[in-house]
Amino acid sequence: MASIIEKMITPSFYSQKASGLLASAGAYYKPMFRSGSVTPLWHFMAITSVVMYTANYTFHKGKGVQAARNEQKLALQEYYEKHGHSGHH
């Protein structure tokens, strides 16, 4: 167990993983680029969309959405205190 933690702490572990990933991605995509396939373009567009959506939600919209939900929850609690909560009608 300690060896796994030691591996995860050292930077060489991550550089080895990154170089392996680059080598395998190069071996996968190089023939596609040479043959003029559209698959690398689609993969690049999908990855870009996922990264942009995640970054946008994490750094911009996430806090705003949570703040709006908390505000609505507080407003509903105040409303129910004033007018009561009758369930479904």
Q: Answer with yes or no whether the side chains of Ser37 and Thr39 bring together a donor and an acceptor at under 3.5 Å.
A: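 Note: Thr39 and Ser37 side chains meet the donor-acceptor criterion.
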Q: Look up atom CG in Leu21 and atom NZ in Lys17, then write down how far apart they are to the nearest 0.5 Å.
A: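 Between Leu21 CG and Lys17 NZ, I get 10.0 Å after rounding to 0.5 Å.
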**Q.** Approximate separation, where rounding is to 0.5 Å, of Tyr29 OH and Phe44 CZ
**A.**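 Atom-to-atom, Tyr29:OH and Phe44:CZ are 11.0 Å apart.
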List the atom of [X], the atom of [Y], and the distance in Å for their closest heavy-atom pair.
{"X": "Thr10", "Y": "Tyr14", "result": "O-CD1, 3.6 Å"}
{"X": "Thr58", "Y": "Thr54", "result": "OG1-O, 2.6 Å"}
{"X": "Gly26", "Y": "Pro31", "result": "O-CD, 4.3 Å"}
{"X": "Phe13", "Y": "Lys7", "result": "CB-O, 2.9 Å"}

Q) Mind checking whether Gln77 and Lys73 have side chains closer than 4.5 Å, heavy atoms only? A)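 Sidechains of Lys73 and Gln77: in contact.
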Q: Look at the side chain of Asn56 and the backbone N and O of Met52, then say whether any donor-acceptor pair between them is shorter than 3.5 Å.
A: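 Not a single qualifying donor-acceptor pair exists.
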Q: Evaluate the ring planes of Tyr53 and Tyr57, with Trp represented by its six-membered ring, and classify them as parallel (under 30°), tilted (30 to 60°) or perpendicular (over 60°).
A: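 Plane angle under 30°, so parallel.
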Q: Look at atom NE2 of His60 and say whether more than 12 heavy atoms of other residues, nucleotides or ligands are closer to it than 6.0 Å.
A: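 Atom NE2 in His60 is not packed in, count stays at 12 or less.
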